[in-house]
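For reference, the structure is listed below as structure tokens.
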Amino acid sequence: MTIQATLDRDITPAGEDYDLVRKTIERISLDYRAQPSLEEIAADLQVSPGRLQKTFSRWAGLTPKAFLQAVTLDHARRLLGHERLPLLDASYELGLSGPGRLHDLFVTHEAMSPGDFKTGGDGLEIQYGFHPCPFGTAVLLATSRGLCGLAFADPGGEAAALEDMARRWPGARLVQDQQATAGYVERIFSPQQWRADQPLRIVMIGTDFQVRVWEALLKIPLGQASTYHDVACAIGKPTAARAVGAAVGRNPISFVVPCHRALGKSGALTGYHWGITRKRAMLGWETGCAQSAAV
DNA sequence: ATCGGTATCCATC
DNA sequence: GATGGATACCGAT
């Protein structure tokens with residue numbers, strides 16, 4: 001079956017709403033400089049302002065107007081405010097995303113070096129699937145041990161995104177299995193389902209340095225951001241900001257390992273493998289999560 | 001505020 | 001050892 005056929009066939013609960021939210025996020029993230037009004041956006045998407053407002057708020061946890069605010073450069077700078085404490089806090093030694101933050105996506109991970117992967121994972125089977133999510137089409141890859149890859153695709157770019165991922169594990173056997181990956185998407189993009197007692201299992205395959213960087217990213221709380229420089233400090237290599245940037249860019253499980261929470265020191269969103277617009281959208285979306293969690 | 005050039009460091013190949 | 005960044009910094013607009 002072709003990828004397109006899969007996408008056409010794939011049904012998710014509230015699929016239409018998902019699409020509406022995705023398009024709204026995209027429109028605002030792309031056009032935030034022009035400060036589009038609710039009415040304008042609603043007209044573009046051919047829905048009533050009321051419906052847009054309601055649907056969007058339910059998913060994103062904040063109104064389109066608030067999201068627009070949450071997406072500005074100014075806001076990104078503000079996210080940098082409290083990053084030092086959590087990164088340097090010894091209670092995060094376990095490498096978990098941390099106790100006591102019930103509203104964060106809770107993750108346990110195991111790491112595999114490329115060497116381990118080659119011997120231990122020879123002929124490893126990776127299941128993959130495509131699913132709509134607020135940031136476009138998500139491509140998920142999982143082994144029996146847990147999630148090992150998450151990528152994003154624009155419409156039409158699904159095959160390329162999968163290919164981009166597949167290159168990382170040339171030896172593995174890839175099998176499409178929508179059912180196997182469907183459960184992951186639902187959990188990952190529905191904050192209501194984040195539970196500390198049922199951690200999401202992920203497998204990080206990378207060099208020692210990369211894994212240390214990715215672990216550091218996992219310690220940045222939802223709704224906050226850190227800088228490449230500070231991540232470098234957190235792993236004990238204060239001068240390695242640039243190398244950190246390179247490692248962040250290789251993160252195979254985007255969003256779950258929150259590489260979008262790493263910014264330049266100025267607060268600029270310096271880069272993102274899946275597009276700066278997506279990075280901006282994720283930070284805005286998370287701001288909404290953080291706000292509703294605080295209530 | 002933004003832009004561009006430069007210094008420098010480190011992980012990779 | 002060579003290479004090249006999802007950097008940081010500084011100075012000019």
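None of these values were measured; they are calculated from a predicted model.
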Query raised in the report: Given atom NE2 of A/His229 and atom P of C/dA8, what is their separation to the nearest angstrom?
Result: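 Computing the A/His229:NE2 to C/dA8:P distance gives 8 Å.
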Query raised in the report: Applying the 4.5 Å side-chain criterion to the ILVMFWY set and letting contacts propagate, would A/Leu30 and A/Met282 be lumped into a single cluster?
Result: no
Query raised in the report: In terms of hydrophobic clusters joined by side-chain contacts under 4.5 Å, are A/Val175 and A/Leu141 together?
Result: no
Query raised in the report: Quick one: is A/Lys265 getting a side-chain N or O under 4.0 Å of the C/dC9 phosphate, OP1 or OP2?
Result: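 For A/Lys265, the contact criterion (side-chain N or O under 4.0 Å from OP1 or OP2 of C/dC9) is met.
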Report task. Decide yes or no, distance alone: a donor-acceptor N/O pair under 3.5 angstrom between the base of C/dA6 and the side-chain of A/Tyr228. Result -> yes
Report task. Tell me, with the steps shown, if A/His260 and A/Tyr272 meet side-chain contact (heavy atoms from CB on, under 4.5 Å). Result -> CA-CA 7 Å; A/His260 54 281; A/Tyr272 195 67; 4.0 Å; yes
For nucleotides 1-5 of chain B, tabulate all protein N/O to nucleotide N/O atom pairs closer than 3.5 Å, reporting atom names and distance.
none

Query raised in the report: Centres of the A/Trp285 and A/Phe67 rings: under 6.0 Å?
Result: no
Query raised in the report: Under a 4.0 Å N-O cut-off, is there an ion pair linking A/Asp154 with A/Arg278?
Result: yes
Query raised in the report: Does the side chain of A/Glu186 pick up a donor-acceptor pair with the side chain of A/His131 at under 3.5 Å?
Result: no
Query raised in the report: Judged by modelled atom types alone, do A/His75 and A/Gln69 share a side-chain donor-acceptor pair under 3.5 Å?
Result: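 Side chains of A/His75 and A/Gln69: no pair found under 3.5 Å.
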Report summary line: Here DNA chain B, pairs taken as Watson-Crick or G-U under 3.5 Å and shown with ( ), [ ] when crossing and | when to another strand, reads |||||||.|||||
Query raised in the report: Is any side-chain heavy atom of A/Glu286 less than 4.5 Å from a side-chain heavy atom of A/Phe255?
Result: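 Answer yes - side chains close enough.
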Requested in this report: Check A/Ala281 against A/Ile25 and note the closest heavy-atom contact, atom names and distance.
Outcome: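 Shortest heavy-atom contact: CB-CG2, 3.1 Å.
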Query raised in the report: Which heavy-atom pair separates A/Asn251 from A/Val257 by the least distance, and what is that distance?
Result: ND2-O, 3.0 Å
Are any protein N/O atoms closer than 3.5 Å to N/O atoms in nucleotides 9-13 of chain B? If there are, list each pair with its distance.
from: B/dC9; atom 1: O3'; to: A/Thr239; atom 2: OG1; distance (Å): 3.0
from: B/dC10; atom 1: OP1; to: A/Thr239; atom 2: OG1; distance (Å): 2.8
from: B/dA11; atom 1: OP1; to: A/Lys237; atom 2: NZ; distance (Å): 3.1
from: B/dT12; atom 1: OP1; to: A/Thr207; atom 2: OG1; distance (Å): 2.3

